[in-house]
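Just so it is clear: chains get the letters A, B, ... in the order the sequence lines come, proteins before strands, and each one is counted from 1. Basis for what follows: all heavy atoms, side chains included, without hydrogens, waters or symmetry-related copies.
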Amino acid sequence: MIAEVIVDVAAHPIDRPFDYAVPEKFQALTEPGMRVKVPFGNRKVLGFITTIKDTSEFDPKRLKPIHELMDVVPVLNGEMLELAQWMKRQTVCFEIDALQVMVPAALRAKYEKRFVLNAAIDELPKELHPYFGTRDFVRAQEAEAVYGLMKKEMDKGTVLADTNIQQKTGVKKIRMVHITDSAEDIENISIRANAKQQLKLQEFFLKHVGQSFESSQLQKQAGVSLPTVNALAEKGLANFSSMESYRDPSLLTAIEQKIALDLTDEQQTAFDAIQSSLNTEKTFLLHGITGSGKTEIYLQTIAQVLEEGKEAIMLVPEISLTPQMTIRFKERFGDLVAVLHSGLSAGEKYDEWRKIQRAEVKVVVGARSAIFAPFQNLGLIILDEEHESSYKQDDSPRYHARDVAIWRSQQHQCPVILGSATPSLESYARAQKGVYELLALKNRAKNQPLPEVHIVDMREELRTGNRSMFSVELAEAIRARLARKEQVVLFLNKRGYSSFVLCRDCGTVLQCPNCDISLTYHRASERMKCHYCGYDEPVPTTCPECESDHIRFFGTGTQKVEEELAKLVPDARVLRMDVDTTRNKGAHEKILSAFGEGKADILLGTQMIAKGLDFPNITLVGVLSADTTLHLPDFRAAEKTYQLLTQVSGRAGRDVLPGEVYVQTYTPEHYAITLAKDQLYEPFYEQEMAMRRASGYPPYYYVVNIQFTHEDLMTVSGYAQQMTEYLRHRLSPKTIIIGPSASLIARVNNRYRYQCLIKYKNEPKLAEVLQQLIKIYRSDWIKTGATLSIDMNPTTVM
DNA sequence: AGCACGCCGACT
DNA sequence: GTCGGCGTGCTC
């Protein structure tokens, strides 16, 4: 028996199956999808079995045996193994990366180098003795001080180097205590009269003869501690066992079950359309304006799918995976829901994943990677806010959850629902072409009017001498709300919203020494950090350039707004929500719930408040500067701006009170702004499509972004030039190749970055040419220390 | 990627 | 004379 194994080494020449002999003792159990420990070269690595076969092309005499089987049940099923190969082709990633991303982090290997004793300890020099102590190995990390001595011993053969492969987290086991069923034994046991605790426990045992308890419960109920329990167990009154258990991440108290709401006519129509296609691989684009009740359609469709005995995956952007959202699903589906979010520990995530694998839950709500939920009988996949760029992973494997969803829907013959108030142009174009079925919700569920949106021309403000960040109109509106005891949300649409330090004398902004980017001030640690390479240094007291002490911390943008706001409306209670105030776990939720409970009048924040804010008392939303995203050097800048404005506007007037929105901008005539005003999606779509057609971007063209890095500027520019030339020669003349040019952030971690962009409509040879490019990279450039990264269908090209 | 094998400079 | 630098070649 031979197993094909994809080993856990992410490198080009290794990115293919390696054959291993399956030892006799493993043969009964071995299946594709299991993890194995295998010898690879002179070390041991983890791998995934992808295929079982009888013969190998490889010289049978040189086949090595599988060292160890890590699973008794496969962690990946056939569908996932096939999906990994598809992802490899689709995203140009290593197969091992695709496999790893499907499995919870707890199941990925942790490699730990060790020195293992291979002789009697007294054969070693005295200095090394304490390192081994009672064990016959020492972690390399703990023995850094004696590397030289260790090396000598290794040469002698008295110490061996070894790599220990560990699982990060395993199944949580709880200790069970089983009380003997002989009351007689319990009574007759002799306990010293002064062993009060044991006597107490003896009494408890008598009341619960023959019963079993979780150890912790028993201790609590009997009011004793573990040694007492052990003492009686030793006397033969109880025995122990261990039981598998799940960690309990839920901090939620009992959730009241709720029933479905009545659907509006519009919702009903959409629901019916989906329902009649429940067993087909159809993709629906549910285009519903903000507040139109998309979630209720999701919930009821899921209920339908469950009724048919199938399972559902619901994807949401991480940032909207709030307790409010979770509660809504738990209210409807109770224990049938597993929630996967970034707040869970690796162990908790692993437990949720096992519930899915064992089909103990039927619905998964989670961010991007939840698309790999190992359901066997999938009946529905939903991507809420389908336009969100977080659905695309920004490192290898660079997959888009939407593409994986559609692939899985074909495997399972089930529908996909893409929901959004502001669909991505790609999706809407596909709906227009009939590839997806378009379902529209044009009215708000509670029939509230859309908020009235005012666009404020900040150039006018400047002309009339108002240099503050608040226009006269917005300031007025804020005061009016405060007077009426209504709530205000202020949105600072600012990129690089993190804080920096600037010298007011010479204008120096503190830069990272390794990257071409400014350092960010971290309040918690009182240090300056680089978000790209992790470099950090203390906050300076004088300017490193001119030694002036007028060096000043320049707030997050939001902090500056907060200061101005304090002057404008001194009595207002302001909550600020940005990277600084939400750094701690749960801070996000705390701020939101405080605001929801009316503990503040104004909520001031960045991107993160654009979503999921659903409070009835918000009647005013102010966008302080709509321009910042608009002028980013990216083909999606207008689309992002439109989406953001629509999203924020949707926060106002969601209940009975009508809402009002002020959008401040220096470019009030831009279509992304004027059309977002009345949520005129289709005109925006038309206009933006025309732009994309003219400039040759998606959805008219497909894009591939290729990035080159090297520590030397001249080398990388030459390298990028050569590679781009190669592409120009090999791809069709109709394909547009832009660059190479320096990336927007031209240096990260002391490596210079260049990129080129391929824009094509039809390029059948693309995969082949890219493989060829990788070959050239491998033969000519890899040894110089250059890197190559390929991003198929990037969400941004900056 | 990691690790061993293999051929040329500064040290016990 | 050896320890050790990192070039290149392989991993079932």
Any residue meeting salt bridge (Lys or Arg N to Asp or Glu O under 4.0 Å) with A:E537, in chain and number order, not counting sequence neighbours
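In terms of salt bridge (Lys or Arg N to Asp or Glu O under 4.0 Å), with neighbours along the sequence ignored, A:E537 is linked to no residue.
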Looking at residues at least two apart in the chain, or sitting in another chain, which of them share a salt bridge (Lys or Arg N to Asp or Glu O under 4.0 Å) with A:D791?
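If we apply the salt bridge (Lys or Arg N to Asp or Glu O under 4.0 Å) test to A:D791, skipping adjacent residues, the hits are A:K392, A:R398.
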Pair A:Y719-A:F708, ring pair (Phe, Tyr, Trp, His ring centres under 6.0 Å): steps then yes or no:
CA-CA 8 Å; A:Y719 162 48; A:F708 313 94; 5.1 Å; yes
Salt bridge flag under 4.0 Å for residues A:E79 and A:R408:
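A salt bridge is present here (some side-chain N lies under 4.0 Å from a carboxylate O).
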Do NZ/NE/NH1/NH2 and the carboxylate oxygens of A:K765 and A:E763 come within less than 4.0 Å?
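Salt bridge between A:K765 and A:E763, a charged N being under 4.0 Å from a carboxylate O: no.
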Can you list, in residue-number order, the parts of [range] that come under 4.0 Å of DNA chain C, counting heavy atoms only?
range	answer
residues 81-99 of chain A	none
residues 22-33 of chain A	none
residues 45-65 of chain A	A:F58, A:R62, A:L63, A:K64

Reading nucleotides 1-8 of chain B from the 5' end, what letters show protein touch, with B for base, S for backbone sugar-phosphate only, - for no heavy atom under 4.0 Å?
BSSS----
With a cut-off of under 6.0 Å to the ring centre and 45° to the axis, is A:K355 in cation-pi contact with A:Y246?
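Yes, A:K355 lies over the aromatic ring of A:Y246.
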Geometric cation-pi criterion A:R35 and A:F48, 6.0 Å radius, 45° cone
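No, A:R35 does not sit over the ring of A:F48.
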Write down the atom of A:P513, the atom of A:R747, and the distance for their closest heavy-atom approach.
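What the structure gives for the nearest pair is O-NH1, 2.9 Å.
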Can you pull out every salt bridge (charged side-chain N to carboxylate O under 4.0 Å, His left out) where at least one residue sits in residues 46-56 of chain A? Sequence neighbours excluded, please.
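As it turns out, the salt bridge (charged side-chain N to carboxylate O under 4.0 Å, His left out) pairs with a partner in residues 46-56 of chain A, which skip direct neighbours, are A:E4-A:K53, A:D19-A:K53.
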Results of side chain to side chain donor-acceptor pair (under 3.5 Å) for A:T724 - residues two or more places apart only:
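Here no residue qualifies.
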Just to verify, what does A:Q772 make a side chain to side chain donor-acceptor pair (under 3.5 Å) with, not counting sequence neighbours?
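So A:Q772 forms no side chain to side chain donor-acceptor pair (under 3.5 Å) with any residue.
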Which is the 5'-most and which the 3'-most nucleotide of DNA chain C that has an atom under 4.0 Å from a heavy atom of chain A?
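Range of nucleotides touched by chain A: C:dT11 to C:dC12.
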Quick one: which residue pairs count as a side chain to side chain donor-acceptor pair (under 3.5 Å) with a foot in residues 709-718 of chain A, not counting sequence neighbours?
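Sorted result for residues 709-718 of chain A: A:T709-A:R751, A:T709-A:T787, A:D712-A:T715.
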Is the A:F40-A:F18 ring centre distance short of 6.0 angstrom?
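When the ring centroids of A:F40 and A:F18 are compared, they turn out to be within the sub-6.0 Å range.
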ring-ring contact (aromatic ring centres under 6.0 Å, His included), paired with A:Y399, selected from A:F372, A:W407, A:W86
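In the set A:F372, A:W407, A:W86, the residue that makes a ring-ring contact (aromatic ring centres under 6.0 Å, His included) with A:Y399 is A:F372.
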Can you list everything that forms a side chain to side chain contact (heavy atoms under 4.5 Å, CB included) with A:K759? Sequence neighbours excluded, please.
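With neighbours one apart ignored, the set is A:Y697, A:Y701, A:V703, A:I736, A:I738.
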Heavy atoms only, 4.0 Å cut-off, all strands: where does A:P17 land among base, sugar-phosphate and nothing?
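If one applies the 4.0 Å heavy-atom cut-off, A:P17 turns out to touch nothing in the nucleic acid.
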